[in-house]
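In what follows, chains carry the letters A, B, and so on, assigned in the order in which the sequence lines appear, proteins first and then strands, with residues in each chain numbered from 1.
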Amino acid sequence: MERTLIKDLPAKIGESVKIQGWLHTLRDQKSMQFLILRDKTGQAQVAHWKKGNLELAELVSTIGTESALTVYGKVVENPIVKLGGLEVQLENLAIENNAELPLPFEPFSDNLPEQDFRMDWRYLDLRRERNRLIFEIQTTAEQAMRDYWIEHGFIEMHSPKIMGAPSESGAELFSLGYFETTAYLAQSPQFYKQMAMAAGFEGVFEIGPVFRADPSFTSRHMTEFTGVDMEMSWVESHEDVMAFLENWLAYTYTKVKEVHDAQIKATFDVDLVVPKVPFPRMKMAEAYEILKSIGYKLPPERKGDLDPGAERALGAYVKEKFDNDYVFVTDWPFTVRPFYHMVHEDNRLLTKSFDLLGKGLEITTGAQREHRYEVLKDQALEKGLTLEPIQNYLNYFRYGCPPHGGFGFGLSRFLMVMLDLPNIREAVYLFRGPNRLQP
RNA sequence: GGGGGCGUGGUGUAGUGGUCGAACAUGCGGCCCUGUCAAGGCCGAGAUCGCGGGUUCAAAUCCCGUCGCUCCCGCCA
């Protein structure tokens with residue numbers, strides 16, 4: 001017998017069906033049993049008159065919450081039933097896998113186990129409908145991102161995650177034994193996507209894992225996360241990259257809103273608003289003026305950088321003043337940027353770079369890259385780097401590499417911002433952090 | 001790496017020197033129950049209060065250490 005999805009039951013009234021799912025709750029009474037069965041499309045009530053089949057009634061009584069069941073029965077209309085006005089009258093049932101749960105389940109969401117405990121039992125935590133929804137939304141978002149890139153002639157790439165040398169300074173690297181030598185896990189596809197520019201691909205994107213050996217204990221950091229990266233050639237400045245990014249992101253919001261608007265409102269109490277394009281832009285110097293005007297005090301040692309508090313303050317300011325969740329902060333000092341960011345012709349202290357803040361959280365860093373070999377080499381030296389380990393990278397820029405730029409974007413941080421999730425651990429399938437390698 | 005907070009039955013909490021023989025909710029087991037719908041009622045099992053040391057007549061409660069978790073900062077996406 002073919003399985004019927006719970007959402008399709010209204011079309012099957014009067015028919016015998018097979019439905020499959022998890023036992024959401026069981027109400028076991030003197031003469032009747034009510035099973036609420038849940039599949040990924042919804043919930044339905046299964047009713048059973050015990051005296052009709054005492055053996056079956058006894059079996060039903062043994063089923064634990066969240067057991068996996070196959071249920072056979074007849075669909076009947078019944079206005080008394082609050083759940084959809086119909087029920088399945090139980091005829092037979094198979095317990096595929098009985099459960100005894102280590103944690104309380106929904107609908108008891110007001111005393112949800114604490115986060116770390118739920119991480120231990122993530123495969124059960126993920127059964128909650130709101131958690132599955134997060135990954136349905138992520139799927140829609142990634143599809144939209146890809147569609148937009150492909151529409152614009154971009155090539156999808158998959159760069160190696162095992163590397164022989166660090167890709168950029170700054171973030172700490174994980175090292176691993178590699179036969180007789182040492183290799184590193186990629187902390188960014190940066191060098192490889194630039195290589196694609198030298199290779200003449202003109203536009204590339206990659207959605208893939210990124211590894212950072214930073215012992216960061218915050219609600220927004222992971223040691224492994226999904227990086228969303230792109231790089232495009234023949235740009236005139238970082239403005240071209242920002243213009244692409246904001247349209248790409250607005251398109252992604254539009255698609256997510258089309259598919260999930262009502263669910264997002266119902267589940268996360270978020271009114272999804274497609275951000276207005278163009279996003280507000282402010283140079284770092286202007287950001288400092290704004291922070292000064294609203295009384296936010298940056299520690300003096302920041303010197304042209306922002307701290308998380310300043311980013312939140314700017315996000316709130318932009319929301320208030322421009323009614324936008326997003327803002328570009330541009331023209332960061334060379335001192336706080338990697339050596340490959342291009343500097344302004346008229347002010348070599350500032351880079352043609354940007355960060356994108358969403359609701360005051362940094363979700364993207366991008367820039368026009370320095371594509372002139374001699375200039376790039378000088379900038380590396382200025383940063384105190386040794387040329388030898390990066391010589392292979394520098395060589396990309398000796399044989400006709402076009403001007404180019406791009407960005408890196410954090411997928412889970414984006415979901416956090418879009419759905420107002422309080423912690424990145426709620427936005428990722430399996431969290432990886434300094435103290436979390438399981439499950 | 002630095003700083004703050006928290007660790008009490010399976011889970012979530014209350015209790016912050018003696019009335020604690022540790023409470024409440026939920027989950028679990030049993031019994032009862034005109035079709036329930038976050039069902040309800042009754043009964044029961046389940047915690048040496050993270051661990052070690054100390055102060056005190058008396059410690060879940062105060063102090064020290066330690067481990068774990070968590071948030072913030074640093075760093076970043």
Checklist entry - Where each residue is assigned the nucleotide of RNA chain B containing its nearest heavy atom, which of A:Phe34 and A:Phe117 is assigned the position nearer the 5′ end? => result A:Phe117
Checklist outcome for this item: Sorted by position of nearest nucleotide on RNA chain B, 5' first, the leading residue of A:Glu114 and A:Leu306 is A:Glu114
Item to check | Polar side-chain atom of A:Tyr288 near backbone of A:Asp305 as donor-acceptor pair, under 3.5 Å | outcome: yes
Next on the checklist: Any side-chain to backbone donor/acceptor pair from A:Arg118 onto A:Pro113? Under 3.5 Å, distance only.
Outcome noted: yes
Next on the checklist: Using a 3.5 Å limit on both distances, find every run of at least three consecutive Watson-Crick or G-U pairs that involves RNA chain B.
Outcome noted: B:1-7 with B:67-73, B:10-13 with B:23-26, B:28-32 with B:40-44, B:50-54 with B:62-66
Nearest whole angstrom, please: distance from the [atom2] of [N] to the [atom1] of [X].
{"X": "A:Glu87", "N": "B:C37", "atom1": "CD", "atom2": "P", "result": "14 Å"}
{"X": "A:Asp229", "N": "B:A77", "atom1": "CG", "atom2": "P", "result": "9 Å"}
{"X": "A:Leu415", "N": "B:A77", "atom1": "CG", "atom2": "P", "result": "18 Å"}
{"X": "A:Glu311", "N": "B:C73", "atom1": "CD", "atom2": "C1'", "result": "13 Å"}
{"X": "A:Leu23", "N": "B:C28", "atom1": "CG", "atom2": "P", "result": "10 Å"}
{"X": "A:Leu437", "N": "B:C69", "atom1": "CG", "atom2": "P", "result": "11 Å"}
{"X": "A:Leu90", "N": "B:U36", "atom1": "CG", "atom2": "P", "result": "19 Å"}
{"X": "A:Phe217", "N": "B:C75", "atom1": "CZ", "atom2": "P", "result": "16 Å"}

Could you tell me whether the phosphate oxygens of [N], OP1 or OP2, come under 4.0 Å of any side-chain nitrogen or oxygen in [X]?
{"X": "A:Gln115", "N": "B:C69", "value": "no"}
{"X": "A:Arg118", "N": "B:C69", "value": "no"}
{"X": "A:Thr65", "N": "B:C28", "value": "yes"}
{"X": "A:Asn435", "N": "B:C69", "value": "yes"}
{"X": "A:Lys30", "N": "B:C33", "value": "yes"}
{"X": "A:Arg312", "N": "B:C73", "value": "yes"}
{"X": "A:Ser219", "N": "B:C71", "value": "no"}
{"X": "A:Thr226", "N": "B:A77", "value": "no"}
{"X": "A:Arg425", "N": "B:C71", "value": "yes"}

I want to know whether [X] and [Y] have ring centres closer than 6.0 Å.
{"X": "A:Phe244", "Y": "A:Phe154", "answer": "yes"}
{"X": "A:Phe205", "Y": "A:Trp248", "answer": "no"}
{"X": "A:Tyr184", "Y": "A:Phe174", "answer": "no"}

Scan [X] against the nucleic acid and name what it touches under 4.0 Å (heavy atoms): base, sugar-phosphate only, or nothing.
{"X": "A:Asn78", "result": "base"}
{"X": "A:Asp28", "result": "base"}
{"X": "A:Ile80", "result": "base"}
{"X": "A:Gly408", "result": "sugar-phosphate"}

Item to check | Check ion pair A:Glu91-A:Lys18 (N to O, under 4.0 angstrom) | outcome: no
Checklist entry - Are A:Glu231 and A:Arg369 close enough for a salt bridge, meaning some N to O gap below 4.0 Å? => result yes
Next on the checklist: Of the options B:C37, B:G74, B:C28, whose atoms approach the side-chain atoms of A:Val81 most closely?
Outcome noted: B:C37
Item to check | Parallel, tilted or perpendicular: ring planes of A:Tyr148 versus A:Tyr251, cut at 30 and 60 degrees | outcome: tilted
Checklist entry - A:Trp121 vs A:Phe117 aromatic rings, parallel, tilted or perpendicular, using cut-offs 30° and 60°? => result tilted
Next on the checklist: For the P atoms, the ones on B:U16 and on B:C71, what distance do you get once it is rounded to whole angstrom?
Outcome noted: 28 Å
Item to check | Whole-Å C1' distance, B:A45 and B:G10 | outcome: 12 Å
Next on the checklist: According to salt bridge (charged side-chain N to carboxylate O under 4.0 Å, His left out), who are the partners of A:Glu224, at least two apart in sequence or on a separate chain?
Outcome noted: none
Checklist outcome for this item: Residues in residues 44-53 of chain A with a heavy atom under 4.0 Å of RNA chain B, by number, are A:Gln45, A:Trp49
Checklist entry - Given A:Leu421 and A:Leu419, is the side-chain contact (heavy atoms from CB on, under 4.5 Å) satisfied, shown in steps? => result CA-CA 6 Å; A:Leu421 304 177; A:Leu419 303 177; 3.9 Å; yes
